[in-house]
A.B. asks: 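This is the structure, below, for whatever I ask next.
FYI, side chains are in, hydrogens and waters are out, and symmetry mates aren't considered; it's all heavy atoms of this structure. We number each residue from 1, following the sequence as shown. When a ligand or atom number is given, it counts from 1 through the structure's own listing order.
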Amino acid sequence: MSSKISILITILLLHATCAGKAQDGLSTDIRLNQTGFYPRSQKVAVITAESPAEFYIETIGEKKKVWEGKLTDYRPATFTSKKTRIADFTSFQQQGNYRLVVKDLGFSHPFAIQNNVHEAVAKGSIKAFYFIRASTALTKPYAGKWARAAGHPDTKVLVHPSAASAQRKAGTIISSPRGWYDAGDYNKYVVNSGITTGTLLSLYEDFPQYMNAASWNIPESKNAVPDLLDEVLWNLRWMLTMQDPNDGGVYHKCTNAKFDGMVMPEVTKDPRYVVQKSTAAALDLAAVMAQASRVYRKFDTEFPGLADSCLNASTNAWQWATKNPEVLYDQNKLNAAFEPKITTGAYGDSDVKDEWMWAAAELYLTTHEETYYKAVAMLPDEKMPLPSWPQVRLLGYYSLARFSEVLTGKAKEDFPEIKKRLLQTGDDLTRKVDLQPYQTVMGQTAKDFIWGSNAVAANQGILLLQCYRLTKDKKYVFYALTNLDYLLGRNATGYSFVTGFGSKTPMHPHHRPSEADGIAEPVPGLLAGGPNPSMQDKCQYPSAVPDEAYVDNVCSYASNEIAINWNAPLVYLAFGIEALAGEGR
Ligand code: G3I
Ligand code: 9MR
């Protein structure tokens with residue numbers, strides 16, 4: 001073969017690879033929600049390679065052409081000059097299973113057009129919480145091929161020297177079973193449990209009818225309680241054990257001294273510790289338990305006394321925090337003073353003003369005592385930070401919005417301003433979406449791409465659903481759906497980020513059981529962290545561009561780990577959109 005020809009062949013092959021056109025005609029340059037679309041919702045794919053402008057939709061079975069259209073003009077991607085175009089087939093409404101074909105490029109992943117198209121992913125993402133339960137065996141009828149032995153019984157947990165008190169000296173053994181593992185690791189952290197559990201309880205409070213009926217085959221499915229509340233209870237019962245009954249203080253975490261290896265839960269036998277009490281942990285627990293008390297009050301027959309226990313835990317934690325208003329968790333400082341050194345996740349929040357606000361709002365809403373509300377500056381500044389583990393201000397605002405009709409006193413006075421700010425924040429998120437190459441709320445700024453960026457997308461979606469609840473303006477559901485589309489494939493990586501949902505999904509998440517169980521498919525329903533150009537894990541990434549900096553490799557805890565505080569907002573967004581199905585046109 002002449003060298004000219006071989007160069008030509010190489011160029012052609014490279015072109016085929018770069019253009020994402022696989023041999024079988026599947027093109028990874030067609031980015032769309034890989035699960036599908038509601039018949040009457042927006043239907044958009046983004047094409048990330050050059051091609052002729054013609055595209056069509058064909059059925060999966062008979063390959064029958066059912067719709068054709070033209071791509072828009074080229075526009076640059078947000079963070080590169082890569083050319084993108086949009087295929088809009090919104091007006092095609094026929095239910096069925098299809099793929100999108102772009103002339104000379106190839107066909108897309110398959111997708112459905114149907115009612116309830118996100119029900120499966122909603123149920124899958126909450127079922128994931130069953131899969132990450134600590135202290136229990138997962139059995140075949142519920143876990144299928146991912147059945148596994150129990151790990152981390154946590155019935156003999158040591159009080160770490162940093163957490164010692166007169167009544168509970170260092171080395172005292174306490175019991176702290178259950179809860180969800182935090183993430184890819186096997187530790188349990190109160191702060192991260194706080195926002196997670198609060199988000200799931202809010203889903204229940206915002207869509208009670210829908211969530212009363214929804215069920216997804218967990219061991220408690222046959223009892224009289226909605227599955228969502230059964231699942232949440234698994235974690236609530238653990239959280240209650242994290243409170244010291246002697247003073248109401250709350251341990252920051254229940255953890256190994258260092259991370260376990262990449263092994264199944266039952267393999268690891270390292271000692272477990274409860275570590276230092278912190279104000280953030282106390283206030284997060286106070287907020288969650290106040291909300292839980294409201295929610296579980298309706299299930300007094302099934303869980304006698306639970307609502308009261310939650311409220312007691314909440315007020316005791318609040319009182320402890322009042323006496324200890326700014327005990328921060330600083331792991332370096334802790335390790336300078338105590339042995340053994342603790343090197344697991346820190347969740348060290350250096351500003352607890354927002355935790356005060358969240359706890360005050362929830363305690364006020366549950367007890368109707370205005371003293372809680374008035375104890376804290378609820379509008380200390382103009383900021384409206386999107387919820388994340390160190391930023392829970394808006395969780396308080398969402399709850400106030402939920403009960404806006406029955407607010408009293410100062411809360412009633414403040415509410416118009418809170419509402420105005422929520423809507424302003426929602427509007428700011430949506431204003432320029434139509435100009436974005438991926439047509440999503442997510443990813444308009446590089447700042448969206450932090451560790452756990454997929455939770456940014458999901459939390460933006462929740463904020464928009466809150467705006468819908470306040471106004472009944474369907475445009476907010478429309479825009480929330482753009483972020484679900486983002487998470488399920490309409491993004492710069494081409495992945496649907498939820499394991500097992502979509503065609504190109506993470507196969508190697510940084511999740512110990514998924515890595516260690518010998519089963520090819522990871523545990524399903526888990527949301528990967530998502531693009532994160534900071535790449536703190538120092539793994540090999542295919543790109544450092546903000547919205548592309550993702551790698552499906554178990555090494556990558558900074559882009560491909562899973563975590564309860566990322567899955568919970570996905571659960572809310574997917575169920576919320578299902579509950580409102582049809583609103584976002
Ligand atoms: O607070 C600063 C902020 O002021 C600054 O503007 C911003 C700029 O990037 O950074 C902020 O700090 C970040 C912090 O999260 C809060 O968002 C850090 O850079 C970032 O490294 C840090 O990442 C956290 C990571 O742990 C490392 O601590 C993630 O949010 C958090 O989700 C992750 O959580 C881990 C647990 O520790 C252990 N278990 C797994 C879990 C998920 O990976
Ligand atoms: O598995 C750990 C993950 O949950 C954390 O998010 C991450 C950052 O704290 O750390 C991971 O553990 C790694 C540790 O930090 C360094 N040695 C390798 C561990 C992963 O195998």
Side-chain angles (χ1 to χ4, degrees), residues 128 132 134 152 179-196 199 252-265 267-268 270 275 278 280-281 284 328-332 334-335 341-355 383 385-393 445-459 497 506 508-516 522 526-539 546 549-551 553-570:
I132 53 186
H152 304 87
W180 300 306
Y181 293 127
D182 182 61
D185 63 323
Y186 290 138
N187 304 296
K188 304 187 289 194
Y189 309 87
V190 170
V191 166
N192 206 39
S193 259
I195 180 168
T196 303
T199 299
H252 196 72
K253 54 176 172 172
C254 172
T255 182
N256 287 13
K258 55 183 175 44
F259 286 115
D260 284 316
M262 279 285 164
V263 295
M264 291 303 280
V267 174
T268 128
D270 281 6
V275 180
S278 73
D284 283 343
L328 303 178
Y329 185 81
D330 180 337
Q331 201 153 269
N332 293 330
L334 181 148
N335 285 335
K341 295 196 190 335
I342 304 290
T343 56
T344 54
Y347 290 115
D349 192 350
S350 56
D351 177 358
V352 292
K353 278 204 271 326
D354 51 302
E355 282 74 15
K383 291 186 192 138
L386 197 70
S388 63
W389 65 261
Q391 274 297 352
V392 291
R393 172 194 295 213
T445 150
K447 290 199 193 102
D448 285 349
F449 296 98
I450 56 170
W451 189 322
S453 63
N454 282 339
V456 171
N459 274 303
F497 289 114
H508 307 286
H510 185 91
H511 176 236
R512 282 166 172 72
S514 293
E515 176 67 4
L526 297 168
L527 179 65
N532 171 18
S534 297
M535 303 183 274
Q536 291 92 333
D537 48 39
K538 309 218 161 45
C539 303
Y550 167 77
V551 62
N553 189 315
V554 65
C555 153
S556 182
Y557 52 76
S559 83
N560 204 33
E561 192 166 351
I562 63 100
I564 55 174
N565 64 315
W566 307 337
N567 247 72
L570 169 65

A.B. asks: Quick one: nearest non-hydrogen protein atom to atom 40 (C) of ligand 1, plus distance?
C.D. replies: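 Result: Glu561 OE2, 3.1 Å.
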A.B. asks: Please check: side-chain N/O of Asn187 versus main-chain N/O of Asn256, any donor-acceptor pairing under 3.5 Å?
C.D. replies: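 Judged by distance alone, yes, a pair lies under 3.5 Å.
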A.B. asks: Would you verify that at least one protein heavy atom lies under 4.0 Å from atom 1 (O) of ligand 1, or report that none does?
C.D. replies: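 It does not: no protein heavy atom is found less than 4.0 Å away from atom 1 (O) of ligand 1.
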A.B. asks: Do Val275 and Cys254 make a side-chain contact, defined as non-hydrogen atoms from C-beta onward lying under 4.5 Å apart?
C.D. replies: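 No. Closest side-chain heavy atoms not under 4.5 Å.
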A.B. asks: Would you give the length of the straight line joining atom CG of Asn560 to atom CG of Leu526, rounded to the nearest 0.5 angstrom?
C.D. replies: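 If I round to the nearest 0.5 Å, the distance is 10.5 Å.
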A.B. asks: With heavy atoms under 4.0 Å as the rule, classify the contact between Tyr186 and ligand 1 as side chain, backbone, both or neither.
C.D. replies: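 It is neither; nothing of Tyr186 touches ligand 1.
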A.B. asks: Please check if a non-hydrogen protein atom sits closer than 4.0 Å to atom 7 (C) of ligand 1.
C.D. replies: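 There is no protein heavy atom less than 4.0 Å from atom 7 (C) of ligand 1.
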A.B. asks: Establish, from distance only, whether the side-chain atoms of Lys253 and Gln331 form a donor-acceptor pair under 3.5 Å.
C.D. replies: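 Yes, because at least one side-chain N or O of Lys253 sits under 3.5 Å from a partner of the opposite role on Gln331.
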A.B. asks: Classify the ring geometry between His252 and Tyr329 as parallel (under 30°), tilted (30 to 60°) or perpendicular (over 60°).
C.D. replies: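 Ring orientation, 0 to 90° scale: parallel.
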A.B. asks: Taking Asp354 for the side chain and Val392 for the main chain, is one N or O donor matched with an acceptor at less than 3.5 Å?
C.D. replies: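 Judged by distance alone, yes, a pair lies under 3.5 Å.
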A.B. asks: With distance as the sole criterion, is a donor-acceptor pair present between the side chains of Tyr186 and Asp260 under 3.5 Å?
C.D. replies: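 The answer is no; no qualifying pair exists.
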A.B. asks: Is the shortest heavy-atom distance from the side chain of Trp389 to the side chain of Thr196 under 4.5 Å?
C.D. replies: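 In short, these two side chains do not touch, never coming nearer than 4.5 Å.
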A.B. asks: Under the criterion side-chain contact (heavy atoms from CB on, under 4.5 Å), I'd like the reasoning laid out for Leu328 against Val352: C-alpha separation, chi angles, the key distance, then a yes or no.
C.D. replies: CA-CA 8 Å; Leu328 303 178; Val352 292; 4.0 Å; yes
A.B. asks: Would Tyr557 count as a polar contact of ligand 1, with the cut-off being nitrogen or oxygen pairs under 3.5 Å?
C.D. replies: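 N/O-N/O distance below 3.5 Å does not exist for this pair.
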A.B. asks: Between Ala563, Ala455, Gly345, Ala346, which one has a non-hydrogen atom sitting closest to atom 38 (C) of ligand 1?
C.D. replies: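 Among Ala563, Ala455, Gly345, Ala346, the closest heavy atom to atom 38 (C) of ligand 1 belongs to Gly345.
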A.B. asks: Check Tyr557, Tyr550, Trp451 against Asn532 for a side chain to side chain contact (heavy atoms under 4.5 Å, CB included) and give me the one that passes.
C.D. replies: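 Testing Asn532 for a side chain to side chain contact (heavy atoms under 4.5 Å, CB included) against Tyr557, Tyr550, Trp451 leaves exactly one candidate, Trp451.
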A.B. asks: In ligand 1, which numbered atoms sit nearer than 4.0 Å to a non-hydrogen atom of Asp182?
C.D. replies: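 Under 4.0 Å from Asp182, ligand 1 has these atoms: 38 (C), 39 (N), 40 (C), 41 (C).
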A.B. asks: Does the protein put a heavy atom under 4.0 Å from atom 43 (O) of ligand 1?
C.D. replies: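 Yes.
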A.B. asks: Is the backbone N or O of Thr343 less than 3.5 Å from a side-chain atom of Lys258, with the two atoms forming a donor-acceptor pair by type?
C.D. replies: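 Side chain of Lys258 to backbone of Thr343: no pair is present.
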A.B. asks: Return the minimal non-hydrogen interatomic distance between Gly184 and Glu561, and the atom names on each side.
C.D. replies: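 What the structure gives for the nearest pair is N-OE2, 2.9 Å.
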A.B. asks: Determine, counting only non-hydrogen atoms of the protein, whether one lies under 4.0 angstrom from atom 23 (O) of ligand 1.
C.D. replies: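 Yes, because at least one protein heavy atom sits under 4.0 Å from atom 23 (O) of ligand 1.
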A.B. asks: Considering only the protein, which heavy-atom contact is closest to atom 27 (C) of ligand 1, and what is its distance?
C.D. replies: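 Nearest protein contact, heavy atoms only, for atom 27 (C) of ligand 1 is Trp451 CZ3, 3.6 Å.
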A.B. asks: What is the nearest protein non-hydrogen atom to atom 35 (C) of ligand 1, stated with its residue, atom name and distance?
C.D. replies: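 That would be Tyr347 OH, 3.5 Å.
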A.B. asks: Return the closest protein heavy atom for atom 17 (O) of ligand 1 as residue, atom name and distance.
C.D. replies: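 The answer is Pro390 CG, 4.4 Å.
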A.B. asks: Does the protein put any heavy atom within less than 4.0 Å of atom 11 (C) of ligand 1?
C.D. replies: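 No.
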A.B. asks: Just which atoms of ligand 1 are under 4.0 Å from any heavy atom in Trp566?
C.D. replies: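 The list of qualifying atoms is 32 (O), 42 (C), 43 (O).
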A.B. asks: Looking only at protein heavy atoms, which one is nearest to atom 14 (C) of ligand 1, and how far off is it?
C.D. replies: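 In this structure, atom 14 (C) of ligand 1 has Trp389 CZ2, 4.3 Å as its nearest protein heavy atom.
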A.B. asks: Taking the non-hydrogen atoms of Asp185, is any one of them nearer than 4.0 angstrom to ligand 1?
C.D. replies: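 Yes, Asp185 has a heavy atom closer than 4.0 Å to ligand 1.
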A.B. asks: Let me know which of His511, His152, Arg512 forms a side-chain hydrogen bond (donor to acceptor under 3.5 Å, both in side chains) with Tyr181.
C.D. replies: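 Only match with Tyr181 under side-chain hydrogen bond (donor to acceptor under 3.5 Å, both in side chains): His152.
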A.B. asks: Please report the closest heavy-atom contact between Ser559 and Ala549, naming both atoms and the distance.
C.D. replies: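 That closest heavy-atom pairing would be CB-O, 4.0 Å.
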A.B. asks: How far is atom 9 (O) of ligand 1 from the closest protein heavy atom, and which atom is that?
C.D. replies: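 Nearest neighbour among protein heavy atoms for atom 9 (O) of ligand 1, to 0.1 Å: Ile450 CG2, 4.8 Å.
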A.B. asks: Please check atom 30 (O) of ligand 1 for a protein heavy-atom neighbour under 4.0 Å.
C.D. replies: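 Given the 4.0 Å limit, the answer for atom 30 (O) of ligand 1 is yes, a protein heavy atom qualifies.
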A.B. asks: Without swapping roles, check the side chain of Asn567 against the backbone of Leu527 for a donor-acceptor pair under 3.5 Å.
C.D. replies: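 The answer is yes, because a donor-acceptor pair under 3.5 Å joins these two groups.
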A.B. asks: Identify the protein heavy atom lying closest to atom 20 (C) of ligand 1, giving its residue, its atom name and the separation to 0.1 Å.
C.D. replies: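 Minimum-distance protein heavy atom for atom 20 (C) of ligand 1 reads Gln536 NE2, 4.3 Å.
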A.B. asks: For ligand 2, output the ligand-protein N/O contacts shorter than 3.5 angstrom; if there are none, return none.
C.D. replies:
from     : atom 1 : to     : atom 2 : distance (Å)
ligand 2 : 1 (O)  : His510 : NE2    : 2.6
ligand 2 : 1 (O)  : Arg512 : NH1    : 2.9
ligand 2 : 1 (O)  : Arg512 : NH2    : 2.9
ligand 2 : 4 (O)  : Glu561 : OE1    : 3.3
ligand 2 : 4 (O)  : Glu561 : OE2    : 2.7
ligand 2 : 6 (O)  : Glu561 : OE1    : 2.7

